[in-house]
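This report concerns only the one structure given below.
It should be emphasised that the depicted structure is a prediction, and the values quoted were computed from it without experimental measurement. Remember, it's 1-based here, ligands and their atoms both numbered in the order they're listed.
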Amino acid sequence: MGTIDGLPPLREVIAAHDLVAKKQLGQNFLLDLNLTAKIARCAGDLTGCDVLEVGPGPGGLTRGLLAEGARRVVAVEMDPRAMPALEQIAAHYPGRLVPLLGDALKLDVAAHLTQPVKVVANLPYNVGTELLIRWLTPASWPPFWDSLTLMFQKEVAERIVAKPGSDHYGRLALLAQWRAEPKIVLHLPPEAFTPAPKVHSAVVHLKRLEEPRYPCNGATLQRITAMAFNQRRKMLRSSLKGLGADVEEKLRAAGIAPTARAEEISLERFCALARLY
Ligand code: SAM
């Protein structure tokens with residue numbers, strides 16, 4: 001049966017380039033090109049956009065992005081074994097794929113990208129969370145990207161979209177929802193990957209907001225939410241004691257009961273509190 005793009009099936013690519021998955025690189029590959037095209041569509045219309053893909057591996061998602069019409073894909077991969085497979089895709093789509101060898105946590109990719117930019121990635125989960133936090137906390141806003149479409153372990157995806165009162169609600173939800181509109185757009189079972197991981201996965205799409213949802217200083221918001229959620233079962237008047245002697249007064253001024261707990265407090269109230277500091 002033919003593939004979506006006339007290139008060889010991914011199992012053949014992996015065999016030809018001896019791309020046996022390495023656990024230490026978090027390699028769980030997507031081999032179904034219909035599924036990778038579906039993930040690419042979760043990022044919305046790609047025509048007229050540059051896509052930054054992190055961790056392309058053998059290129060399943062890369063091929064989905066190109067087949068779905070991305071203007072250009074800049075793909076950062078730290079495993080040199082994947083480069084010949086990516087070069088083969090680049091030759092099939094002249095001028096539309098730029099494979100870069102390097103660690104996405106260290107490489108500065110800005111020079112390779114032209115606006116508008118969408119980020120799409122199926123990354124090892126620890127790297128994904130670290131990059132998400134970096135992409136949400138640049139030196140200035142708006143950031144270089146219009147949207148992020150990222151694969152996470154299901155529990156992490158739930159932490160990103162969680163609302164007050166949920167066990168998953170915490171700093172990641174507040175940070176993501178302060179500056180973006182995050183949604184879970186696809187659930188994937190372990191069997192979707194080769195080799196299958198132990199956990200379920202989900203794709204989260206985050207559309208950036210032009211301005212943060214409520215005004216306040218980002219560093220202050222992060223400091224306050226870190227204190228509040230480090231002791232999430234404690235009353236705020238106690239977990240936020242370090243903010244100063246007048247913390248109860250400031251909590252009340254922000255519309256928060258001093259006896260409330262962090263997990264009950266909305267983003268809007270946390271921002272109101274941050275504005276008082
Ligand atoms: N995108 C491919 C797919 O969907 O089949 C591969 C996904 S696999 C979960 C993660 C990929 O990220 C691997 O190819 C791995 O080598 C790469 N990777 C891991 N850490 C990375 C990093 N810090 N920078 C760039 N790539 C990384």
**Prompt:** Hey, which atoms in ligand 1 end up nearer than 4.0 Å to a heavy atom of Gly57?
**Reply:** 14 (O)
**Asked** When only distance counts, is Pro58 in polar contact with ligand 1, meaning an N/O pair under 3.5 Å?
**Response** no
**Nearest-0.5 Å distance that lies between atom NE2 in His205 and atom CD in Glu181** = 9.5 Å
**Item:** Enumerated ligand 1 atoms positioned under 4.0 Å from heavy atoms of Gly102
**Value:** 24 (N), 25 (C)
**Request:** Show the numbers, then the answer: is there a side chain to side chain donor-acceptor pair (under 3.5 Å) between Gln27 and Arg81?
**Result:** CA-CA 12 Å; Gln27 292 183 334; Arg81 296 179 310 156; 3.1 Å; yes
**Request:** List the closest protein heavy-atom neighbour of atom 1 (N) of ligand 1: residue, atom name, distance to the nearest 0.1 Å.
**Result:** Gly55 O, 2.7 Å
**Asked** Does Lys250 make a cation-pi contact with Tyr277 (under 6.0 Å, within 45 degrees of the axis)?
**Response** yes
**Asked** Hey, is ligand 1 close enough to Asp79 that some N/O pair sits below 3.5 Å?
**Response** no
**Request:** Between Ala121 and ligand 1, find which residue part has any heavy-atom pair under 4.0 Å and reply side chain, backbone, both or neither.
**Result:** neither
**Request:** Mark the output for Ala82 as yes if a heavy-atom distance to ligand 1 is under 4.0 Å, and as no if none is.
**Result:** no
**Message:** Can you report which non-hydrogen protein atom sits closest to atom 2 (C) of ligand 1, along with the distance?
**Reply:** Pro56 O, 3.2 Å
**Prompt:** Identify the closest protein heavy atom to atom 21 (C) of ligand 1: which residue and atom is it, and at what distance?
**Reply:** Met78 SD, 3.2 Å
**Prompt:** In Å, rounded to the nearest 0.5 Å, how long is the span from OG of Ser201 to CZ of Phe152?
**Reply:** 11.0 Å
**Asked** Which residue supplies the protein heavy atom nearest to atom 10 (C) of ligand 1, what is that atom called, and how far is it?
**Response** Asn122 O, 3.4 Å
**Asked** Can you tell me if Gln177 uses its side chain to pair, donor with acceptor, with the backbone of Ile160 under 3.5 Å?
**Response** yes
**Request:** Search all heavy atoms of Ala43 against all heavy atoms of Leu46 and return the closest pair with its distance.
**Result:** CB-CD2, 3.9 Å
**Sub-4.0 Å atoms of ligand 1 with respect to non-hydrogen atoms of Pro124** = 10 (C), 12 (O), 19 (C), 20 (N)
**Request:** For the residue pair Phe229 and Tyr169, categorise the inter-ring angle as parallel (less than 30°), tilted (30 to 60°) or perpendicular (more than 60°).
**Result:** perpendicular
**Asked** Which of the atoms of ligand 1 are close to Asp103, meaning less than 4.0 Å from one of its heavy atoms?
**Response** 22 (C), 23 (N), 24 (N)
**Request:** Considering only non-hydrogen protein atoms, determine which one is nearest to atom 24 (N) of ligand 1 and report residue, atom name and distance to 0.1 Å.
**Result:** Ala104 N, 2.9 Å
**Prompt:** For atom 16 (O) of ligand 1, what's the nearest protein heavy atom and its distance?
**Reply:** Glu77 OE2, 2.6 Å
**Message:** Distance under 4.0 Å to a non-hydrogen atom of Leu25: what atoms of ligand 1 satisfy this?
**Reply:** 15 (C), 16 (O), 19 (C)
**Complete:** Looking only at protein heavy atoms, what sits closest to atom 5 (O) of ligand 1 is Leu30 N, 2.8 Å
**Message:** Please check: side-chain N/O of Asp50 versus main-chain N/O of Thr114, any donor-acceptor pairing under 3.5 Å?
**Reply:** yes
**Request:** Flag Gln27 as yes when one of its N or O atoms lies below 3.5 Å from any N or O atom of ligand 1, and as no otherwise.
**Result:** yes
**Prompt:** Any idea which atoms of ligand 1 are less than 4.0 Å away from a heavy-atom of Val76?
**Reply:** 25 (C), 26 (N)
**Asked** For Lys183 and Val204, what are the C-alpha separation, side-chain angles and deciding distance, and is it a side-chain contact (heavy atoms from CB on, under 4.5 Å)?
**Response** CA-CA 6 Å; Lys183 273 197 192 115; Val204 183; 6.0 Å; no
**Fill in**
Residue pairs passing the salt bridge (Lys or Arg N to Asp or Glu O under 4.0 Å) test with at least one member in residues 255-274, sequence neighbours excluded, are Arg232-Glu263, Arg233-Glu263
**Asked** Out of curiosity, Phe29 CZ to Phe193 CZ, how far, rounded to the nearest 0.5 Å?
**Response** 12.0 Å
**Fill in**
In ligand 1, the atoms that come under 4.0 Å of a heavy atom of Gly26 are 8 (S), 9 (C), 10 (C)
**Item:** Interfacing atoms of ligand 1 (cut-off 4.0 Å, heavy-atom, Asn28)
**Value:** 7 (C), 8 (S), 9 (C)
**Request:** Of the side chain and backbone of Glu53, name the one, both, or neither that has a heavy atom under 4.0 Å from an atom of ligand 1.
**Result:** side chain
Give the table of side-chain donor-acceptor pairs shorter than 3.5 Å for residues 4-11, with sequence neighbours excluded, one pair per line with atom names and distance.
from, atom 1, to, atom 2, distance (Å)
Asp5, OD1, Thr3, OG1, 3.2
Asp5, OD1, Leu7, N, 3.1
Asp5, OD1, Arg63, NH2, 3.0
Asp5, OD2, Arg63, NE, 2.8

**Request:** Return yes or no for this condition: an N or O of Gly60 is under 3.5 Å from an N or O of ligand 1.
**Result:** no
**Request:** Would you mind telling me which of Arg41, Arg72, Lys118, Glu53 makes a side chain to side chain contact (heavy atoms under 4.5 Å, CB included) with Leu65?
**Result:** Glu53
